[in-house]
S.K.: 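Just passing along the structure, written as structure tokens.
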Amino acid sequence: MTRKHPHDIEQLAPDRLVPDRPLSLVDRRARRIALGVLGSVAGPALVTGALSPLQFEDSSRIAGLLYLIPVMVVAALGGIVWGVVTSLLSVVSLGYFFTEPRFMLEVGPGEGVQLAVLLAVSFGIVRMMGSQRREMVNAGVGQRRLAFLAGANELLQRASLDFERTMTELARLSVPGLADWCTIDVRQDDGRLRTVAVAYGDRVRAPLAENLAHQNQPNPQAQAGIAAVMRTGRAELYPVVDADIIHTVARDPQHAALLKGLELRSLIIVPLLVRGKPIGAVKFASVRPDRRYDAEDLTLAEDLALRAGTALENVRLYQQRTHEARVLQQSLLPPTLPTIDGLEVLARFEPFGHGDLVGGDFYDVFEAGGRWQFVVGDVCGKGAEAAAMTGLARHTVRAVAMREESPVEVLRALNAAILRAEQGNYCTLTLASVKVGDGVAQVQLVRGGHPAPILIRADGSAELVGGDGSLLGILAQPTLQATELTMRNGDALVLYTDGVLDEHKAEPEKDLLEALRNCTGAPAKEIADRIFEEETETMGKRDDRAVLVLRLNDVNEKGFANRWT
Amino acid sequence: MDMKSEPFEGGVKLELSGEFDIGGVPKVEGAIRRLEEERPALLILDLSGLTFIDSSGLRVILTADRRAKEQSRRFALVQGPSAVQRIFKITGIDTVLEFVAQDQAS
């Protein structure tokens, strides 16, 4: 990076782009130096001139002391170099004009000593003031950096799953403490860069900053700027931004003009790295003359980008996992329920958690051997293992039911299949095999270690039904028995998983029965609603909830069947 | 989920208390496996201090029972409160697992 004369910026930045442009860096510096020089020479000169008519023995000494004041002013305003320059100038002028007209040629030992002492004093003061100011600035910067890092950490650890919002907050957080203008670009699936976050402070003109966020794509082969950072994965630090740099980092002339309009002073571009690969870039820009980025700022920015990259990756993985879980879960549940004459069927399923894991509950409805088969099951565990077991259970039941009429034998076959799979897992399941007639249905019910189904009679009574049975996949010889039921018009059979029960209680089914009493004539949806409303505090939401309701329609209700919610 | 192991003449007892759900699985599973390394003739899991157990907790018990049978060891449970016992009843394994009285292991 070569540093060019600051004037180049002026030449290349047409005024029409920035009509309300404040004083440029050059203007301001020149004005400050002029004031300093004038103050340190004219001030003491006037004072000495005023004192000389009083015929002081040695008016130069008074002037020499007085001139320290403007030197201090200059030191505070400018820096060490200008402090020394103005000191020299004032000493020379004082000596020449007031104490000894031919001073320049005849420097006596006295004047020499005086000059040396004054120089030393002014040098010391300038240094002291300069370092004090630097310390103050550094302390401020350090504090801002710390505050920023703490804020960023908190932000990224909150594990916000909305990546763009997190990035916007991050950009906002960096303004004004770390930057006056911050943008975050992320590479999209199509390879294009998209600005996902922009933040800027009072010192940046909003229209310009916003415009910059919607720029053309950078030339991917650019030697510097965001494209280069994305290509190489290496950060770029521009302590001083000049026209050359703007020309290099700009995407096109319009972009360059906008960048100039922003009057960037200092710039950092860091890559957003995910497993070492750049997936985006963060730009921090300063428009303040007193904030020039250094290596420390770069380290901070890189650190931040690393964290942001990790956060992004986590979000992406989480989204991917949620998507996969959803796809898998959907493949394990019937996409629609069949239409069954005379039977209203409703399934309601509510997975536990944020949907990032496949749950263990499942249900199925299918026809086999001239009977409708209703299945509600629960596999121990979550995730891939549970999904595999659910698939095994669902498909085994479907396949076996095609050739095996006895529901007990279907469950025995499933028990054997799970044992053969040797996953050390088990499943509980209720199978209801239903033969629908005219206003009556014959039900064969088998419970494989699953909570007892509820039969709601048309008269409003409700009872638990089904005999005992052991869970499947653990015992070589499970106990299984079929219960025969007859359903009449208006009767409803409710199959469910334990997620709808408060299992902290000794007899949670009682609460469910109570909630379902007086459901006379209620459609399946209302029955499901009542069950899902039965959620107590201790239950929390620690499990999936699945409910399958089959209700034998009243004759006059025929055709109003098969709801799906 | 808290636990405490207590050796006795001819075996060891692991007392569980609190809620035995998926969160407690690694802890209890690890503890049982450590106790199994000593090949105790009788390993008793005391459920009397539990307030809740779910299917993951049940699975830990079932796999421990299976390992014991494979290694010809005796594995038994001390009954939990009725909310806990209910799960064994519903899943039909109350008749398969061995339950012992509390004082058998003291």
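Quick note on labels: first sequence line is chain A, next is B, and so on, each numbered from 1. The analysis underlying the following values was restricted to heavy atoms, covering all of them including side chains, and did not include hydrogens, waters or symmetry mates.
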S.K.: If I measure from the heavy atoms of chain B, does A:E509 come under 4.5 Å with its side chain, its backbone, both, or neither?
M.R.: side chain
S.K.: For the OG1 atom of B:T91 and the CG atom of A:L475, what is their distance to the nearest 0.5 Å?
M.R.: 9.0 Å
S.K.: Hey, is A:E507 close enough to B:K89 for a salt bridge, meaning N to O under 4.0 Å?
M.R.: no
S.K.: Of the backbone (N, CA, C, O) and the side chain (C-beta and beyond), which part of A:N425 lies under 4.5 Å from a heavy atom of chain B, both, or neither?
M.R.: both
S.K.: As an exercise: rank A:P451, A:G448, A:G469 by heavy-atom pairs under 4.5 Å with chain B and give me the winner.
M.R.: A:G469
S.K.: State whether the side chain of A:Y426 and the backbone N or O of B:L62 hold a donor-acceptor pair below 3.5 Å, judged by distance alone.
M.R.: no
S.K.: Any idea which heavy atoms bring A:C380 and B:S55 closest together, and the distance?
M.R.: SG-O, 3.4 Å
S.K.: Can you tell me if B:E38 has over 12 outside heavy atoms packed within less than 6.0 Å of its CD?
M.R.: no
S.K.: Under 6.0 Å from the CD atom of B:Q71, do we count more than 12 heavy atoms belonging to anything else shown?
M.R.: yes
S.K.: Has B:E70 got more than 12 heavy atoms of other residues, nucleotides or ligands less than 6.0 Å from its CD?
M.R.: yes
S.K.: For a quick test of reading the model, state the closest non-hydrogen atom pair linking B:R86 to A:L501 and the distance between them.
M.R.: NH2-CD1, 3.2 Å
S.K.: About how many Å separate CD1 of B:I90 and OG1 of A:T428, when rounded to the nearest 0.5 Å?
M.R.: 9.0 Å
S.K.: What are the two closest non-hydrogen atoms of A:S470 and B:G92, and how far apart are they?
M.R.: CB-O, 3.7 Å
S.K.: Can you check whether B:L58 reaches A:L471 side chain to side chain, under 4.5 Å on heavy atoms?
M.R.: yes
S.K.: Decide yes or no on side chain to side chain contact (heavy atoms under 4.5 Å, CB included) for B:I87 and A:E503, but give the supporting numbers first.
M.R.: CA-CA 8 Å; B:I87 305 286; A:E503 294 198 298; 3.4 Å; yes
S.K.: In this structure, are over 12 heavy atoms from other groups packed under 6.0 Å from A:E405 atom CD?
M.R.: no
S.K.: Looking only at heavy atoms, which two atoms of A:G424 and B:R66 are closest? And how far apart?
M.R.: CA-NH1, 4.0 Å
